[in-house]
Amino acid sequence: MTRRFTRSFTQQEPIPADAIDAAVAVLQSGRLHRYNLATGETGEVASLEAEYRDWQGSAYCLALTSGGQALQIALRACGVAPGEAVLTNAFTLAPVPGAIQAVGAQSVLVEIDENLRLDLYDLERKITQSGARTMLLSHMRGHLCDMERLMSICDTAGVAVIEDCAHTMGASWNGKRSGNFGKVACFSTQTYKHLNSGEGGFLTTDDPDLAARATILSGSYMLYERHGAGPAREAFDGPRYEMPNCSARMDALRAAILRPQLATLDANIERWNKRYHAAERALKPHNRIATIAVPAEEVHVGSSIQFRLPDFTAEQCRAVIAAAAGRGVELKWFGASEPVGFTSSHHSWRYVKQQELPETDRIMATLFDMRLPLSFSEADCTLIGELIGEAVSEVGQ
Ligand SMILES: *Cc1c(COP(=O)(O)O)cnc(C)c1O
């Protein structure tokens, strides 16, 4: 009899009791808008901004409605103009090229390598070919490229780096937190990321002018002095008249449920990594499965896991999905010709000019992915890894 896994891959842990209490208090107050404050009150959003700034180790933090809005605001605050080229990863999720498109700019896609990191040789080529001044670097699925080399390439070429840290909240490279390398970083607190407020996001930076522009862009009217981790008043002198209001403020309810979660984020990162290592240990010995190498410089946050089946055909990959599904394991496959449930293939971003990316296409053709929610135990993750191994053996024998 085949063994089966019976739990849901999309079930997160419940919101902690102290976060629920904080949410109820906000609801009872009726003051849900971030600027609707009683006399002397700091407010949940400003408090969260200060706490996230301190946790991240940045100078400034702005709380927003989503990670995708943080990306758009970061691009606008960096002065990206319509028609301009913006470099980004060929393998990422749709909100990334979507943000570039939303500001009227053109995505220039950069190849990835077999460990899902940006190919820095292709980056150098594309910088020269495109003349781009901005890169939206997506740390897709938590895999950081050699950040020192990347920054040296971009600094030398005068390319500003915006980090998309939707999958690397809490990760680091050589002891430096992901998000603290580039000019500005964007985070998501959407349900499937490392903090859960349904929707939400952060923008962090050390640049006071950029922080002021982003704050005005977020729709702060003239109330920016009520922020918890914003720059000094003088920084707003120019931006307050120049930046359009894009209405992307976070509200007090979301901030209230995020603050208690931030307090347990470090502990949760350890819990994710235990689950990741359990799944990886089960997958690694299989001779048809290639797991993704994590460099010694990287502190990874294993909230999802990827692997490749390098010598499998598309037909075999489809059969693996079915064989895994028959065992209760929901796998995502990046080689499908039609996007199902997510869009990570550049072929399905038809708003982006089509580009030749043979390496990325080759790698994605046999690439699989699954989330590891904290609602799974380590034993669950071991079992999932073993069941995938069985499914692969059944198809590939
Ligand atoms: C989720 C995600 C985003 C955007 O986050 P939202 O809060 O959903 O808008 C950006 N980049 C990547 C890689 C993501 O997975």
Side-chain angles (χ1 to χ4, degrees), residues 9-10 12 48 52 61-76 86-103 105 107 109-110 112 116-118 134-145 161-171 178-179 182 184-204 214 217-218 246-251 254-255 257-258 261-262 272 292 300-306 332 334 339-346 348-349 351-352 360 364 367 369-373:
F9 280 77
T10 51
Q12 306 302 318
L48 173 67
Y52 194 77
C61 173
L62 175 68
L64 294 161
T65 44
S66 71
Q69 279 298 322
L71 296 176
Q72 278 188 47
I73 286 177
L75 288 161
R76 287 185 208 276
V86 174
L87 299 147
T88 194
N89 307 48
F91 171 54
T92 183
L93 276 175
V96 178
I100 296 172
Q101 183 69 20
V103 303
S107 297
L109 305 176
V110 180
I112 55 158
L116 313 183
R117 284 163 242 285
L118 205 70
T134 311
M135 153 136 236
L136 179 44
L137 171 65
S138 182
H139 303 303
M140 183 59 177
R141 282 327 201 195
H143 301 289
L144 298 168
C145 62
V161 176
I162 300 170
E163 291 182 69
D164 167 24
C165 302
H167 301 168
T168 54
M169 181 184 277
S178 158
V184 48
C186 303
F187 300 84
S188 171
T189 62
Q190 188 238 75
T191 293
Y192 302 108
K193 314 296 165 96
H194 299 170
L195 296 174
N196 177 8
S197 59
E199 303 281 359
F202 295 117
L203 179 154
T204 62
L217 282 162
S218 77
C246 299
S247 276
R249 298 166 301 271
M250 184 179 280
D251 59 88
R254 293 186 210 183
I257 65 171
L258 287 171
Q261 293 181 56
L262 180 56
W272 262 306
I292 306 299
H300 185 78
V301 182
S303 52
S304 67
I305 190 163
Q306 297 71 47
K332 286 184 182 173
F334 292 107
V340 189
F342 63 94
T343 44
S344 278
S345 166
H346 64 97
S348 49
W349 308 332
Y351 43 86
V352 172
T360 302
M364 286 179 69
L367 178 64
D369 174 87
M370 67 184 163
R371 287 196 194 103
L372 298 172

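Computed from heavy atoms alone, side chains included, the values below leave out hydrogens, waters and symmetry copies. As the structure lists them, so they are numbered: ligands from 1, and atoms in each ligand from 1.
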> With sequence neighbours excluded, what pairs up with Gln306 under the side-chain contact (heavy atoms from CB on, under 4.5 Å) test?
Replying inline: Leu116, Arg141, His143, Ile292, Ser304, Leu367, Asp369

> Going through the distances and angles, do Ser197 and Thr189 end up as a side chain to side chain donor-acceptor pair (under 3.5 Å)?
Replying inline: CA-CA 6 Å; Ser197 59; Thr189 62; 2.8 Å; yes

> Counting both backbone and side chain atoms, is some N or O of Lys193 under 3.5 Å from an N or O of ligand 1?
Replying inline: yes

>> Do Thr88 and Leu109 have side chains that approach each other closer than 4.5 Å (heavy atoms only, starting at C-beta)?
In response: yes

> To which of Ser188, Cys165, Gly68, Ala99 does the heavy atom nearest atom 9 (O) of ligand 1 belong?
Replying inline: Gly68

> Among all protein non-hydrogen atoms, which one is nearest to atom 15 (O) of ligand 1, and what is the separation to 0.1 Å?
Replying inline: His167 NE2, 2.6 Å

> Hey, which atoms in ligand 1 end up nearer than 4.0 Å to a heavy atom of Ser66?
Replying inline: 7 (O), 9 (O)

> What atoms of ligand 1 come within less than 4.0 Å of a heavy atom belonging to Val96?
Replying inline: 11 (N)

> Between Val96 and Asn89, is any pair of side-chain heavy atoms under 4.5 Å apart?
Replying inline: no

> NE2/His167 to OG1/Thr92 distance, rounded to the nearest 0.5 angstrom?
Replying inline: 7.0 Å

> Does an N or O anywhere in Ser138 fall below 3.5 Å from an N or O of ligand 1?
Replying inline: no

>> For atom 13 (C) of ligand 1, what's the nearest protein heavy-atom neighbour? Residue, atom name and distance, please.
In response: Asp164 OD2, 3.3 Å

>> So Met140 and Leu118, do their side chains get closer than 4.5 Å, heavy atoms only?
In response: no

> Under 30°, 30 to 60°, or over 60°: which ring-plane class applies to Phe187 and Phe202, parallel, tilted or perpendicular?
Replying inline: perpendicular

> Which of these, Glu199, Gln190, Met140, has its nearest heavy atom closest to atom 8 (O) of ligand 1?
Replying inline: Gln190

>> Under a 4.0 angstrom heavy-atom cut-off, which atoms of ligand 1 come close to Ala166?
In response: 2 (C), 3 (C), 10 (C), 11 (N), 12 (C), 14 (C)

>> Could you check whether any heavy atom of Gly200 sits closer than 4.0 Å to an atom of ligand 1, since that is the contact criterion I want to use?
In response: yes

>> Does ligand 1 come near enough to Gly67 that some N or O of the ligand is less than 3.5 Å from an N or O of the residue?
In response: yes

> Where on Thr189 is there a heavy atom closer than 4.0 Å to ligand 1, on the side chain, on the backbone, on both, or on neither?
Replying inline: neither

>> Please report the interatomic distance CG(Asp164) to CG(Leu137), rounded to the nearest 0.5 Å.
In response: 8.0 Å

